[in-house]
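Taking it in order: structure first as structure tokens, then the write-up.
FYI, side chains are in, hydrogens and waters are out, and symmetry mates aren't considered; it's all heavy atoms of this structure.
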Amino acid sequence: MEAEAGACLRRNEPHRVTRRRRYRAEFINPADKRPHGSRAFANVAGKLPNMFRNDQKERHMLFRVGRIFAVCCVSAAAVKCAAAADLPYVKSPPPVELPAGWAGFYLGGQVGYGADSVRWRNLGGSTFFSPLNSLTRDRGSGVIGGGQLGYNFQYNRFVFGVEGSVSAADFDRSFTSPYFPATDVWSSKLTWLTTVTGRVGYGFDTWLPYIKGGFAAGNVETSIRDNALGVISQGSAVHSGWTLGGGVEVKLTRQLSLGLEFMHTGLGRSNDINGSVAAGLVPATPETYGVGLRSDSITARFNYLFGQ
């Protein structure tokens, strides 16, 4: 029996070994190929699942796409820089500061030269200095200067304003009498002049041409003297009337402007001399003269405009 058992064992041993080897080959070699010696590990690595190989392909593909995208970006930036380098450099112009308008209060001064024309008319019953109802003319000239204050309103380029001025004048004239030239001397003098005017102008940025007109008043001193007898008749009266003219101003800065102005003024007639002849030589003879005056003047002006 032992011999039979041993024979059976010997008969069954190759079968068991073969089955064990087949199971082992199936476990490490799904393709049912028997490994050979030292290439067994390489064969196992070559038979890894497809998912690992797919991951490597995806990484490689992403790397290639990223590299292509980077090259495209660098090329576009280089082309843009080259195009910008070819463009000419244009320097931005400096900002231009436009002058402010003409609206607001202004204060200034003026100085110039003028001349007047005086008309004397004998209104009384005396013929001591001139015939009755006679008209005598004379002319004077001199310096005029003073100050002005005004306010401007501006609508677009149109400038509307009101201005007041006061000036001292020295339009002085003395002349020999056309009736008694050997003895008599006539004289007249405009001592001051004031105006209240409106004006309208059109602004060309820094230039303002304008016209103006309104009320005027001034003081006129007159005298008639007989040097032979020492007789004198004189008077001083304020005359009122009108003035009309125009000018132009130009801005030197936003606040300061210079200008040139021409004005024609007419002062109405007033009874400047109204009384008896002095010294009692002809006590019953009254002397009455009405005097009217017109003047022309040209002045240089400067103004300071507030609120600019």
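Side-chain contact, Trp120 with Asp272: no donor N or O sits under 3.5 Å from an acceptor N or O. Counted by atom type alone, Ser134 and Asn122 present zero donor-acceptor pairs between their side chains at under 3.5 Å. For the residue pair Thr222/Ser188, the side-chain donor-acceptor check at 3.5 Å is not satisfied. Residues Gln234 and Glu221 have side chains that never bring a donor and an acceptor to within less than 3.5 angstrom of each other. With hydrogens and angles left out, the side-chain atoms of Tyr113 and Ser297 include no donor and acceptor closer than 3.5 Å. Between the side chains of Tyr289 and Ser130, at least one donor N or O lies within less than 3.5 Å of an accepting N or O. Remark: the Tyr106 side chain and the Ser257 side chain contain no N/O donor-acceptor pair separated by less than 3.5 Å.
Aromatic ring centres of Phe204 and Tyr202: separated by under 6.0 Å.
At least one donor-acceptor pair closer than 3.5 Å links the side chain of Gln148 to the backbone N or O of Gly109. Side-chain atoms of Gln154 come within 3.5 Å of backbone N or O of Trp102 as a donor-acceptor pair.
Taking the six-membered ring where the residue is Trp, Phe158 and Phe160 present parallel rings, their angle staying beneath 30° rather than reaching 60°.
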Just list the side-chain donor-acceptor pairs under 3.5 Å for residues 259-270, sequence neighbours left out, or say none.
residue : atom : partner : partner atom : Å
Glu261  : OE1  : Tyr210  : OH           : 2.7
Glu261  : OE1  : Lys212  : NZ           : 3.3
Glu261  : OE1  : Arg301  : NH1          : 3.2
His264  : ND1  : Asp296  : OD1          : 2.4
Thr265  : OG1  : Thr243  : OG1          : 3.1

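Atom CG of Leu256 sits about 5.5 Å away from atom CG of Leu258, to the nearest 0.5 Å.
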